[in-house]
Visitor: 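My questions will all concern the structure given below.
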Amino acid sequence: SLTFSSSESADEYTDDEDASWKVRRASAKCLSAIIASRPQMLSKMYQEACPKLVDRFREREENVKMDIFNTFIELLRQTGNVTKGQGDIDESSPRWLLKQEVPKVVKSINRQLREKSIKTKVGAFSVLKELVVVLPDCLADQFGSLVPGIEKALNDKSSTSNLKIEALAFTRIVMASHSPSVFHPYIQALSGPILSAIGDRYYKVTAEALRVCGELVRVLRPNFEERSIDFRPYIIPIYKAILARLANQDQDQEVKECAISCMSLVIATFGDGLQRELPSCLPILVDRMGNEITRLTAVKAFAVIANSPLRIDLSCVLDHVVSELTAFLRKANRALRQATLGTLNSLVVTYGSQIGSSSYETILAELSTLISDGDLHMAALALELCCTIMVDRRSVKNVGLAVKQKVLPEALTLIRSALLQGQALQALQKFFAALVQSANISFETLLNSLISTAKPSQSGGLSKQALFSIAQCVAVLCLAAGDQKCASTIEMLKGILNDDSSTNSAKQHMALLCLGEIGRRKDLSSHIQIENIVIESFQSPFEEIKSAASYALGNIAVGNLSKYLPFILDQIDNQQKKQYLLLHSLKEVIARQSVDHTGESELQDSNIVKILALLFNHCESEEEGVRNVVAECLGKIALIEPNKLIPALKERTTSPAANTRATVAIAIKYSIIERTGKIDAILYSEISTFLMLIKDSDRVILLEIIPTSLLTNVHKERCEDDNCILSFALCSMCDVQLSLR
């Protein structure tokens, strides 16, 4: 219906009552609905519908043409949604098919950009914009043919604000997504209209033009080490156009913010050619920091300038900037405090020697108030800034004293928090490492402070997470202090475990966790019989010490697989009473390998076959705890070696032993994770076999396979065949809405 019949051509409409445009418009809308609701048909759409849609860009009726543009945009959006993160190597994939159509699309759009209709041109730029979003770098060969259309849209007196905004938005997106060299032949043609648009009376046009100018700056000087184009003639015109907007306070907030951001890019990129202009420009940016409306943007602007490899001379405003930023750390605005911490970090890295020690003391005093579990992200940024200051100004006694008196007590309080994790925990570890390397506080003092925080308080003992956090910080501290300090600490921890008279279970618990964390990061084979000392704690009457010993043994093995992994495997075979704890140690080894792929090959080459044989032998264990640990180990190994594990697990779905089948079901559950991996393609083709365990007569297997099917539906979002009906049924049985899919 989108094509004319033989008696109707694009240029011959003799009947004033012709109503065929209604059919074409309805066809376009119907096609758009199909594209939106049937993404699995995208490849067919590109083969059959796309050529006709592109051909119909020449539609005579403007309203129909807009609907055709919108239909094509919907096709592009669906392609982006469905193929997100995928390549275009497969010749049947929508992305590959779209790539083949790009020259035809550009050719057809170019015709529309030559039309008189403003509405048509706006629609054409919208199509191009969406095309670049879905296929970045797709216009490298065709951009030159689009330049006249962009120039005309920006220069023509009949152009409306909407057309200018669309043309500028497309130019910005295409510049951001393509190599700078693509635009170098057209800089002269484009720079004039873009700079003229900065002076436009309508604020939205001005704001978009300033954003484009930011991209233009990056295109002109993409590399500071080599000069691919002579950018010098463009520096002053760009600077003056932006300065006119920056200096004018009587304008819209969006324009003010864009002018500040764009000027920071100009200074960071061309600062070596603007040395005379900087003393008059930088104070304006500082003044914008004093205005509550533009404060956040100005703070980010100074971060951009500070990060410039040109090391821009900020001596005329540096003290004022640092003073203002320090005051912002007390503000209630979270986004402002976050940006301030990042900017201060950049300034300290680049201009640390020019900042006075009194300023550092004030900064550190303010940072100490941000280090708490009330906002862990802010605490992480504050700790990172502390580390930067200590590294840059480690020789200044006042700085070291301020860290010791203000920051350290807050850090020791934070480490006791049950909420501490992720970026904040990593920042805290770096903080203790930087602290011991700065030599302002002795290693022994820091170690004693950390271990003291692990002692139970009057309100009760610490959470499990807090104990692990302390152990990790102790390990990082020991490694940062050097081999000698680390060795003496390990001997001290061994002494705690060897002390038969010691009745302090909390102290032994902490010693085991610390040994495990140190062993994971450093080979402890030089410490004789350390594995036997740890395994003796399996006899403890306290469950938390047994668990800590299992954790420690597994992590020590991670530090030297070739020595300690055979020991663990041998103990599993020979020590039936300790089997459960030893399997937990093995689980630690495997889990670390599945996350940290640097040690993956060592595990595969040396012991993978023996590990699998041992685990499969224990699949039939009568102890449910043993089976669960075995299943988790198998699931984690499947992430490392899916080619070996998935077929082996599939084979055991038909095992006569119900316990083995149940273990397989649990193992598959542990192998399904949210992040993509090499297991996905292998598991996809075999998942139906595992889901068919729903028909198993054993109730335990049924209970294990249900959550596995839910994970399959929620995380994998796949399966259109009959096997998927089975997992839908499982979702219904669990009273889970099908909308989760």
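Position 1 is the first residue of the sequence, and the numbers go up from there. This is a predicted model, so every value here is computed, not measured. Only this structure's heavy atoms are used, side chains among them; waters, hydrogens and symmetry mates stay out.
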Visitor: Between the main-chain N or O of Asp319 and the side-chain N or O of Ser323, is there a donor-acceptor pair closer than 3.5 Å?
Guide: no

Visitor: Do we see a donor-acceptor contact under 3.5 Å between the side chains of Asn162 and Thr160?
Guide: no

Visitor: Below 4.5 Å, heavy atoms only, C-beta onward: do Ile389 and Leu364 meet side chain to side chain?
Guide: yes

Visitor: Atom CG in Leu325, atom CG in Leu344: separation rounded to 0.5 Å?
Guide: 4.5 Å

Visitor: Would you check if Leu450 and Leu446 make a side-chain contact, meaning some heavy-atom pair closer than 4.5 Å?
Guide: no

Visitor: Hey, does the side chain of Ser442 reach the backbone of Thr445 with a donor-acceptor pair shorter than 3.5 angstrom?
Guide: yes

Visitor: For the side chain of Thr340 and the backbone of Phe328, is there at least one donor-acceptor N/O pair under 3.5 Å apart?
Guide: no

Visitor: Which residues satisfy the side-chain hydrogen bond (donor to acceptor under 3.5 Å, both in side chains) test with Gln426, sequence neighbours excluded?
Guide: none

Visitor: Let me have the donor-acceptor pairs involving side chains of residues 402-411, under 3.5 Å, with sequence neighbours excluded, atom names and distances please.
Guide:
none

Visitor: Answer yes or no: does atom NZ of Lys300 have more than 12 heavy-atom neighbours from other residues, nucleotides or ligands under 6.0 Å?
Guide: no

Visitor: With a 4.5 Å heavy-atom cut-off, do Val217 and Leu220 have their side chains touching?
Guide: no

Visitor: Which heavy atom of Cys478 sits nearest to which heavy atom of Cys486, and what is that distance?
Guide: O-CB, 3.7 Å

Visitor: Check whether any side-chain heavy atom of Leu216 lies under 4.5 Å from a side-chain heavy atom of Ile187, and answer yes or no.
Guide: yes

Visitor: For the CG atom of Leu190 and the CE atom of Met175, what is their distance to the nearest 0.5 Å?
Guide: 5.0 Å

Visitor: Quick check: closest heavy atoms across Ile415 and Phe432, and the distance to 0.1 Å?
Guide: CD1-CE1, 4.3 Å

Visitor: Between Glu115 and Lys121, does any side-chain N to carboxylate O distance fall below 4.0 Å?
Guide: no

Visitor: side-chain contact (heavy atoms from CB on, under 4.5 Å), that's the test. Do Leu367 and Ile363 meet it? Break it down for me.
Guide: CA-CA 6 Å; Leu367 290 180; Ile363 292 170; 3.9 Å; yes

Visitor: In the structure I gave you, are the side-chain heavy atoms of Arg95 and Leu135 within less than 4.5 Å of one another anywhere?
Guide: yes

Visitor: When you measure from the side chain of His377 to the backbone of Gln338, do you find a donor-acceptor pair of N or O atoms at a distance under 3.5 Å?
Guide: no

Visitor: State whether the number of non-hydrogen atoms from other residues, nucleotides or ligands found under 6.0 Å of Asn333 atom CG is greater than 12.
Guide: yes

Visitor: Measuring from Leu282:CG to Cys316:SG, what's the distance to the nearest 0.5 Å?
Guide: 5.0 Å

Visitor: Looking at Arg245 and Leu210, would you say the former's side chain and the latter's main chain have a donor-acceptor pair under 3.5 Å?
Guide: no

Visitor: side-chain contact (heavy atoms from CB on, under 4.5 Å) for Thr269 and Ser308? Distances and angles first, verdict last.
Guide: CA-CA 7 Å; Thr269 309; Ser308 171; over 6 Å; no

Visitor: Let me know which of Thr350, Val321, Ile312 forms a side chain to side chain contact (heavy atoms under 4.5 Å, CB included) with Ile305.
Guide: Ile312

Visitor: What salt bridge (Lys or Arg N to Asp or Glu O under 4.0 Å) pairs are there with at least one residue in residues 334-358, not counting sequence neighbours?
Guide: Arg334-Asp375

Visitor: Treating Thr206 as the side-chain partner and Tyr202 as the backbone partner, does any N or O pair qualify as donor plus acceptor under 3.5 Å?
Guide: yes

Visitor: If you look at every heavy atom in Cys258 and Ala207, which pair is closest and at what distance?
Guide: SG-O, 3.7 Å

Visitor: Considering only NZ, NE, NH1 and NH2 on the basic side and carboxylate oxygens on the acidic side, decide whether Asp137 and Lys99 come within less than 4.0 Å.
Guide: no

Visitor: Consider side chain to side chain contact (heavy atoms under 4.5 Å, CB included). Of Val174, Val127, Leu76, which one does Val132 pass it with?
Guide: Val174

Visitor: What distance do Gln249 atom CD and Thr294 atom OG1 have between them, rounded to the nearest 0.5 Å?
Guide: 8.0 Å

Visitor: Quick one: does Thr120's side chain have a donor or acceptor within less than 3.5 Å of a partner on Lys116's backbone?
Guide: no

Visitor: Could you tell me which residues satisfy ring-ring contact (aromatic ring centres under 6.0 Å, His included) with Phe431, sequence neighbours excluded, listed by chain and number?
Guide: none

Visitor: Under a 4.0 Å threshold between the charged nitrogen and the carboxylate oxygen, would Glu292 count as salt-bridged to Arg295?
Guide: no

Visitor: Once you round to the nearest 0.5 Å, how far does CZ of Phe125 lie from OG1 of Thr171?
Guide: 6.5 Å

Visitor: Is it the case that the side chain of His178 and the backbone of Leu139 share a donor-acceptor pair, with hydrogens and angles ignored and the cut-off at 3.5 Å?
Guide: yes

Visitor: Is any side-chain heavy atom of Glu257 closer than 4.5 Å to a side-chain heavy atom of Leu296?
Guide: no

Visitor: Cys213 versus Ile198: any side-chain heavy-atom pair under 4.5 Å?
Guide: yes

Visitor: Rounded to the nearest 0.5 Å, what's the gap from CD1 on Ile109 to CZ on Arg114? Could you check?
Guide: 11.5 Å

Visitor: Does Leu243 form a side-chain contact (heavy atoms from CB on, under 4.5 Å) with Ile284? I'd like the steps, not just the answer.
Guide: CA-CA 9 Å; Leu243 184 64; Ile284 298 176; 3.9 Å; yes

Visitor: Give me each pair satisfying salt bridge (Lys or Arg N to Asp or Glu O under 4.0 Å) with a member in residues 192-214, each pair once, sequence neighbours excluded.
Guide: Lys164-Asp200, Arg172-Glu208, Glu208-Arg211, Arg211-Glu254

Visitor: Tell me, do Asp373 and Thr413 make a side-chain contact under 4.5 Å, heavy atoms counted?
Guide: no

Visitor: Tell me whether the centres of the aromatic rings in Phe270 and Tyr239 are closer together than 6.0 Å.
Guide: no

Visitor: So, does Thr388 use its side chain to make a donor-acceptor pair with the main chain of Glu384 at under 3.5 Å?
Guide: yes

Visitor: For the pair Glu366 and Arg330, find out whether any cationic side-chain nitrogen is under 4.0 Å from an anionic carboxylate oxygen.
Guide: yes

Visitor: For Ser264 and Ile260, run side-chain contact (heavy atoms from CB on, under 4.5 Å): C-alpha distance rounded to whole Å, both residues' side-chain angles, the deciding distance at 0.1 Å, then the answer.
Guide: CA-CA 6 Å; Ser264 69; Ile260 293 168; 5.7 Å; no

Visitor: For a quick test of your reading: what N or O donor-acceptor pairs under 3.5 Å do the side chains of residues 100-108 make, sequence neighbours left out?
Guide:
residue, atom, partner, partner atom, Å
Gln100, NE2, Trp96, O, 3.0
Ser108, OG, Val54, O, 3.2

Visitor: Hey, is the main chain of Pro283 close enough, under 3.5 Å, to the side chain of Asp287 for a donor-acceptor pair?
Guide: no

